[in-house]
Structure formats: structure tokens, C-alpha cells
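This report refers to the structure that appears directly beneath it.
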Amino acid sequence: QVQLVESGGGLVQAGGSLRLSCVASGRTFSNYAMGWFRQAPGKERELVAGIRSGGTTKYADSVKGRFTISRVNAKNTVYLQMNSLKPEDTAVYYCAADRENNDISSKTMDYWGKGTLVTVSS
């Protein structure tokens, strides 16, 4: 069983930045695909960004050019750097892991964190 713990959420003004972190337990983190997802009130959970074990990344169109996902395998950690934040980025952000390193989507993730709240004020 892999445990994922997110941190770094909070309240920020529009145009500001936050960096989310997700630390994973286990010894095979480097083999996992990792993703950041978000869910806003009344909306479905959506993929924000993902990174596979080889470093290939993907982003939602709404965050391209503003968010950057990265990973440090030696620390079992994946990051989401969020710049130029907008009120519509307000959501609970979840970290997720896929043991099989599939193309990243909510359907392929095996493990989920509990989420961290990001609130962007206008």
C-alpha cells in the first residue's frame, strides 16, 4: 500500500504562486506515474498535470504555461509549481499514483492522497 501526503495549499491572491508537494511512501516511487488532479465545488475531478516515470509530462490546457509538474525520485516527492493563479484554479488538489506507469488519467490511478485546498481570491 502506498500512502500519499499532499502539502502546500492555502489562500493566495490572483496572480500569485503556490507550490504543492506530495510525498509518497514505498520503495518503488521512481516506477510510478504521478498525477495532480483537482476538484472544484460542484464539478468533476479533473487532471491538472501528470508525469510518468521517464519524465514525460502532460498538462490540462487550462494550466499550460502556468503550472509545472516535477519529481525528485530520491525524495519520493512530486511537485506542482503553480504560477499566475486565477480564481478558477480554486479547488481541492489531489496527488495520485499509478503503479503501472500508464498514460495518466483518473481511471488509471491506484492510490490517492486526501487532498490539499487551494483558494485563489480575486
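Everything quoted here is computed from the prediction, not taken from an experiment.
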[atom1] of [X] to [atom2] of [Y]: how many Å apart, nearest 0.5 Å?
X	Y	atom1	atom2	value
Asp110	Gln1	CG	CD	9.5 Å
Asn83	Leu85	CG	CG	7.5 Å
Asn31	Glu100	CG	CD	10.0 Å
Thr57	Ile104	OG1	CD1	8.5 Å
Asn102	Lys107	CG	NZ	13.0 Å

(message) For residues Leu47 and Leu80: do they belong to one hydrophobic cluster (side chain heavy atoms under 4.5 Å, members Ile, Leu, Val, Met, Phe, Trp, Tyr)?
(response)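 In one cluster: no.
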(request) Group every Ile, Leu, Val, Met, Phe, Trp and Tyr by side-chain heavy-atom contacts under 4.5 Å, then state whether Ile51 and Tyr111 land in the same group. (result)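 Yes; Tyr111 is reachable from Ile51 via cluster members.
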Tell me the closest heavy-atom pair linking [X] and [Y], and the distance in Å.
X	Y	answer
Pro87	Ser122	CG-CB, 3.9 Å
Leu4	Met34	CD2-CE, 4.1 Å
Ser121	Leu11	CB-CD1, 4.3 Å
Val120	Thr90	N-OG1, 2.9 Å
Val78	Ser70	CG2-O, 3.1 Å
Tyr32	Val2	OH-CG2, 3.3 Å

Salt-bridged, [X] to [Y], with N to O below 4.0 Å?
X	Y	result
Asp98	Arg52	no
Asp61	Lys64	yes
Arg38	Glu46	yes

(message) Holding to side-chain hydrogen bond (donor to acceptor under 3.5 Å, both in side chains), I want the full list of residues that pass it with Arg71, two or more places apart in sequence or in another chain.
(response)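 Result, side-chain hydrogen bond (donor to acceptor under 3.5 Å, both in side chains) vs Arg71: Asn73.
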Show me the donor-acceptor pairs, under 3.5 Å and distance only, between side chains in residues 18-26 and residues at least two apart or in other chains.
from: Ser25; atom 1: OG; to: Gln3; atom 2: N; distance (Å): 2.8

Between [X] (side chain only) and [Y] (backbone N and O only), is there a donor and an acceptor less than 3.5 Å apart?
X	Y	answer
Thr116	Gly9	yes
Asn101	Ser53	yes
Tyr94	Gln39	no
Thr77	Val72	no

(request) Taking the side chain as every heavy atom from C-beta outward, state whether Val48 and Tyr59 have any pair of such atoms under 4.5 Å apart. (result)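 The answer is no, as the side chains (C-beta and beyond) never meet within the 4.5 Å cut-off.
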(request) For residues Met82 and Ser17, determine if any side-chain heavy atom of one lies less than 4.5 Å from a side-chain heavy atom of the other. (result)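 With C-beta onward as the side chain, the pair stays apart.
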(request) Any chance you could lay out the ring-ring contact (aromatic ring centres under 6.0 Å, His included) test for Trp36 and Phe67, step after step, and finish with the verdict? (result) CA-CA 11 Å; Trp36 285 100; Phe67 291 9; over 10 Å; no
(request) Please work out whether the ring planes of Trp112 and Phe37 are parallel, tilted or perpendicular, with thresholds of 30° and 60°. (result)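 The arrangement is tilted - the two ring planes meet at 30° to 60°.
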